Q: 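What follows is a single structure, and I will ask about it in a moment.
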Amino acid sequence: MQNNEALLGKTQTELIALVKDLGMPGYVGKQICEWLYKKHVRSFDEMLNISKANKQKLSSAFDIGFTDFVNVQESVDGTKKYLFKKADLQFVEAAYIPEKERATLCVSSQVGCKMGCLFCATGKQGFQAQLTAGEIINQIRSLPERDKLTNVVYMGMGEPLDNLEEVLKSLEILTSDWGFAWSPRRITVSTIGIIPAMQTFLNKSEAHLAVSLHTPFDEERAQIMPIQNVYSIKDVVNELRSWDFGRQRRISFEYIVFGGMNDSPKHVKELTRLLHGMRCRINLIRFHQIPGSPLPGTKEERLQAFREELNAKGLITTIRASRGEDIYAACGLLSTKEKTKG
């Protein structure tokens, strides 16, 4: 366990300030930035252009902040699920999803989740802790397949916009020239619709946004997503309508399909009304059964028909491929069984 504050997860501005506090010139902060985010070093000894005296000062006050994963599981479809330890009995998971043309990492932003959505295994374990920007970035940095990544999605454990400050800082590190220098178009952040945090995110980041919708009807959504009682999906959509996203930024709505519950003609009609005129897409997701959930999955033929009905109404709709279900890495299945061990 680290005793000192971690450097990983600090912005260039923060690094410059902290080296000045230690009596070093500000450019050392920029050098540290390059070693952390461009060259991915694991120790101060590897920072070759920093003097021995300055490295001693740094190592006495700070840790690099890099931690390796403690376990990995591989699915029959090539998906890998990496387990990271935050503290005693606190773990998070990240899912690496390789495809022909792309490779995506699904990262976590919290240990557990406060939101209590009925269909999500993470929500059932409750909330334990926020992840720091460094702990979010570490999931990417420590990945053996890091150099193969084309996309990152904040769709793992936790509600990203419930950890807004650290998520925004991690996005700054990923997209800044002094950081990973990624295009924000390679990144998607998911939310269940916390409107004030969503407004801040839209102001401060250019990353794509994915909103968990799951049903267009207020009463139904409140039964499976308690957030509906605070921020209704209609208010969320109205807020999004007030923004100009340009042609490059993508807004999508995630929609887990439950058989006989949210896949009827009336849902097609209401979704069409709710999203009419918006430049967006709907991603249909197969429900993966979790212990204790009363929610039913849908039959494949109904899922396909539901997609066709939505597309016929002018709503661009796709079905997300299920990946890693055999290792509990698919949508809604990430949780931390490890925390109950020991």
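We use all heavy atoms of the structure for the numbers below, so side chains are in, but hydrogens, waters and symmetry mates are not. Bear in mind the structure is a predicted one, so any value in this text is a computation, not a measurement. Numbers for residues simply follow the sequence, beginning at 1.
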Q: Short question: side chain of Thr200, backbone of Met198 - any donor-acceptor pair under 3.5 Å?
A: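 No.
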
Q: Please find the pair of heavy atoms, one from Ile136 and one from Ser108, that lie closest to each other, and give the distance.
A: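 Looks like CG1-O, 3.8 Å.
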
Q: Is Arg146 positioned over the aromatic face of Phe69, cation under 6.0 angstrom from the ring centre and no more than 45 degrees off axis?
A: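 Negative - Arg146 is either too far from the ring of Phe69 or too far off its axis.
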
Q: Can you check whether Phe66 reaches Arg141 side chain to side chain, under 4.5 Å on heavy atoms?
A: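 Side-chain contact under 4.5 Å: yes.
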
Q: Which atoms form the tightest heavy-atom contact between Val189 and Ala207, and what is the distance?
A: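 Looking at all heavy atoms of both residues, the shortest contact is CG2-CB, 4.5 Å.
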
Q: Going from CG on Asn4 to OG on Ser60, what distance comes out if it is rounded to the nearest 0.5 angstrom?
A: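 Separation between the atoms: 7.5 Å.
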
Q: Taking the ring centre of each residue, are His267 and Phe306 less than 6.0 Å apart?
A: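 No; Phe306 has its ring centre 6.0 Å or more from that of His267.
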
Q: Can you tell if the side chain of Lys10 reaches within under 4.5 Å of the side chain of Leu18, non-hydrogen atoms only?
A: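 Touching, per the 4.5 Å side-chain cut-off.
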
Q: If only side-chain N and O atoms count, and only distance matters, is there a donor-acceptor pair under 3.5 Å linking Asp77 with Ser75?
A: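 Asp77 and Ser75 do have a side-chain donor-acceptor pair below 3.5 Å.
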
Q: Can you tell me how far apart CD1 (Ile192) and CG (Leu161) are? Round to the nearest 0.5 Å.
A: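 These two atoms lie 9.0 Å from each other.
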
Q: For Gln90 and Gln128, does a side-chain donor sit closer than 3.5 Å to a side-chain acceptor?
A: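 No donor-acceptor contact under 3.5 Å links the two side chains.
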
Q: Do the ring planes of Phe119 and His214 sit parallel (below 30°), tilted (30 to 60°) or perpendicular (above 60°)?
A: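 Phe119 vs His214 ring planes: perpendicular.
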
Q: Is the centre of the Phe180 ring less than 6.0 Å from the centre of the His40 ring?
A: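 Yes.
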
Q: Check whether the side chains of Glu135 and Gln139 place a donor and an acceptor atom closer than 3.5 Å, and report yes or no.
A: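 Checked: Glu135/Gln139 side chains show no N/O donor-acceptor pair below 3.5 Å.
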
Q: Are Ile282 and Leu275 close enough, and set up right, to give a side chain to side chain contact (heavy atoms under 4.5 Å, CB included), and what steps lead you there?
A: CA-CA 10 Å; Ile282 298 175; Leu275 302 179; 3.8 Å; yes

Q: Under 3.5 Å, is there a donor-acceptor pair between the Thr298 and Asp263 side chains?
A: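 Asp263 and Thr298 do have a side-chain donor-acceptor pair below 3.5 Å.
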
Q: Count the heavy atoms of every other residue, nucleotide or ligand shown that sit under 6.0 Å from NZ of Lys30, and state whether that count exceeds 12.
A: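 Not more than 12 within 6.0 Å, no.
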
Q: If I take atom OG1 from residue Thr104 and atom CZ from residue Arg186, how far apart are they, to the nearest 0.5 angstrom?
A: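 Going from the OG1 atom of Thr104 to the CZ atom of Arg186 covers 10.0 Å.
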
Q: With Lys52 as the cation and Phe44 as the aromatic partner, state whether NZ or CZ is under 6.0 Å from the six-membered ring centre and within 45° of the axis.
A: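 Not flagged: Lys52 not positioned over aromatic ring of Phe44.
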
Q: For Tyr37 and Trp178, take the angle between the two ring planes, folded into 0 to 90°, and tell me which bin it lands in: parallel under 30, tilted 30 to 60, perpendicular over 60.
A: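 Taking Trp178 first and then Tyr37, their aromatic rings sit tilted (interplane angle of 30° to 60°).
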
Q: If you count heavy atoms of other groups shown closer than 6.0 angstrom to NZ of Lys55, is the number above 12?
A: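 For Lys55, atom NZ is crowded (more than 12 foreign heavy atoms under 6.0 Å).
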
Q: Give a yes or no on this: more than 12 heavy atoms of other residues, nucleotides or ligands lie within 6.0 Å of atom CG of Asn229.
A: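 Yes, the 6.0 Å shell around CG holds more than 12 heavy atoms from other groups.
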
Q: Inspect the surroundings of CD in Gln304 and state if more than 12 heavy atoms from other residues, nucleotides or ligands are less than 6.0 Å away.
A: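 Correct, the count exceeds 12.
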
Q: Would Met278 end up clustered with Phe217 when hydrophobic side chains under 4.5 Å apart are linked, directly or stepwise?
A: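 No; tracing contacts between hydrophobic side chains, which count when under 4.5 Å, never links both residues.
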
Q: Determine whether Leu171 and Glu206 satisfy the following criterion, side chain to side chain contact (heavy atoms under 4.5 Å, CB included), listing intermediate values before the conclusion.
A: CA-CA 9 Å; Leu171 291 171; Glu206 290 293 319; over 6 Å; no

Q: Any carboxylate oxygen within less than 4.0 angstrom of a Lys/Arg side-chain nitrogen, looking at Lys169 and Glu172?
A: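 No, Lys169 and Glu172 are not salt-bridged.
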
Q: Under 4.5 Å between any side-chain heavy atoms of Leu131 and Lys86, yes or no?
A: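 Counting from C-beta outward, Leu131 and Lys86 do come under 4.5 Å.
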
Q: Can you find a heavy atom in the side chain of Phe127 that is under 4.5 Å from one in the side chain of Val111?
A: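 Phe127 vs Val111: side chains apart.
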
Q: Ser212 versus Ser190: any side-chain heavy-atom pair under 4.5 Å?
A: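 Yes. Closest side-chain heavy atoms under 4.5 Å.
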
Q: Is it the case that the side chain of Asp63 and the backbone of Ala6 share a donor-acceptor pair, with hydrogens and angles ignored and the cut-off at 3.5 Å?
A: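 Answer holds: no.
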
Q: Hey, does the side chain of Asp235 reach the backbone of Tyr231 with a donor-acceptor pair shorter than 3.5 angstrom?
A: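 Pair absent, no side-chain N/O of Asp235 close to backbone of Tyr231.
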
Q: Does atom NZ of Lys299 have more than 12 heavy-atom neighbours, drawn from other residues, nucleotides or ligands, at distances under 6.0 Å?
A: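 Result for NZ/Lys299: open.
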
Q: Can you find a side-chain donor-acceptor pair between Ser142 and Tyr82 that sits under 3.5 Å?
A: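 The answer is no; no qualifying pair exists.
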
Q: Salt bridge or not between Arg273 and Glu270? Use side-chain N to carboxylate O under 4.0 Å.
A: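 Yes.
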
Q: To the nearest 0.5 Å, how far apart are CZ in Arg185 and NE2 in His208?
A: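 That separation rounds to 6.0 Å.
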
Q: Would a hydrophobic clustering, with Ile, Leu, Val, Met, Phe, Trp and Tyr connected at side-chain separations under 4.5 Å, put Ile316 with Ile285?
A: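 No, Ile316 does not connect to Ile285 through the hydrophobic network.
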
Q: Side-chain contact, heavy-atom cut-off 4.5 Å: Val167 with Tyr154?
A: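 Val167 reaches Tyr154 side chain to side chain.
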
Q: What pair of heavy atoms forms the shortest contact from Pro294 to Leu118, and how long is it?
A: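 Smallest interatomic distance, heavy atoms only, reads CG-CD2, 4.2 Å.
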
Q: Looking at CZ of Arg281 and CG of Leu310, how far apart are the two atoms once the value is rounded to the nearest 0.5 Å?
A: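 Those atoms lie 13.0 Å apart.
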
Q: Please name the pair of heavy atoms, one in Ser232 and one in Gln228, separated by the smallest distance, quoted to 0.1 Å.
A: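 Closest approach of Ser232 to Gln228, heavy atoms only: CB-NE2, 3.3 Å.
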
Q: So which atom in Tyr96 and which in Ala103 form the shortest heavy-atom distance, rounded to 0.1 Å?
A: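 Shortest heavy-atom separation between Tyr96 and Ala103 comes out as OH-CB, 3.6 Å.
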
Q: Out of curiosity, Ile256 CD1 to Ile224 CD1, how far, rounded to the nearest 0.5 Å?
A: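 Atom-to-atom, Ile256:CD1 and Ile224:CD1 are 7.5 Å apart.
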
Q: Is any side-chain heavy atom of Leu36 closer than 4.5 Å to a side-chain heavy atom of Ile32?
A: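 Counting from C-beta outward, Leu36 and Ile32 do come under 4.5 Å.
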
Q: Run the numbers on Asn283 and Tyr255 for side chain to side chain contact (heavy atoms under 4.5 Å, CB included), then give the verdict.
A: CA-CA 6 Å; Asn283 291 322; Tyr255 198 98; over 6 Å; no

Q: Show your reasoning for whether side chain to side chain contact (heavy atoms under 4.5 Å, CB included) applies to Asn54 and Val28.
A: CA-CA 9 Å; Asn54 282 342; Val28 176; 4.3 Å; yes

Q: Could Glu46 and Lys39 be called an ion pair, given the rule that one side-chain N must be under 4.0 Å from one carboxylate O?
A: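 Salt bridge: no.
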
Q: Ignoring hydrogens and geometry, is there a side-chain-to-backbone donor-acceptor pair from Ser205 to Leu202 under 3.5 Å?
A: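 Such a contact is absent between Ser205 side chain and Leu202 backbone.
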
Q: Can Ile16 be reached from Tyr27 by stepping across I, L, V, M, F, W or Y side chains whose heavy atoms are under 4.5 Å apart?
A: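 No, separate clusters.
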
Q: Taking C-beta and beyond as the side chain, do Asn138 and Thr132 meet within less than 4.5 Å on heavy atoms?
A: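 Side chain of Asn138 against side chain of Thr132, heavy atoms only: no contact under 4.5 Å found.
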
Q: Applying salt bridge (Lys or Arg N to Asp or Glu O under 4.0 Å) to Glu309 and Arg302, what does each step give before you reach the verdict?
A: CA-CA 10 Å; Glu309 291 162 11; Arg302 180 58 202 145; 2.9 Å; yes

Q: Are any of the side-chain nitrogens in Lys81 or Glu74 under 4.0 Å away from the carboxylate oxygens of its partner?
A: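 Salt bridge between Lys81 and Glu74, a charged N being under 4.0 Å from a carboxylate O: no.
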
Q: For a salt bridge (Lys or Arg N to Asp or Glu O under 4.0 Å) check, start with the C-alpha distance between Glu99 and Arg102, then their side-chain angles and the critical distance, and finish with the verdict.
A: CA-CA 5 Å; Glu99 300 172 79; Arg102 54 192 280 161; 3.8 Å; yes

Q: Near Gln248 CD, under 6.0 Å, is it more than 12 heavy atoms from other residues, nucleotides or ligands?
A: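 No, because the 6.0 Å sphere around CD of Gln248 holds 12 heavy atoms or fewer from other groups.
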
Q: What are the two closest heavy atoms between Leu240 and Phe245, and how far apart are they?
A: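 Closest heavy-atom pair between Leu240 and Phe245: O-CE1, 3.4 Å.
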
Q: Are any of the side-chain nitrogens in Lys114 or Glu159 under 4.0 Å away from the carboxylate oxygens of its partner?
A: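 Glu159 and Lys114: not salt-bridged.
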
Q: Determine, for Asp218 against Lys234, whether the closest basic-nitrogen to carboxylate-oxygen distance falls under 4.0 angstrom.
A: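 Looking at Asp218 and Lys234, the cut-off is met.
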
Q: Quick one: does Ser176's side chain have a donor or acceptor within less than 3.5 Å of a partner on Ile173's backbone?
A: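 Here the side-chain-to-backbone pair does not exist.
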
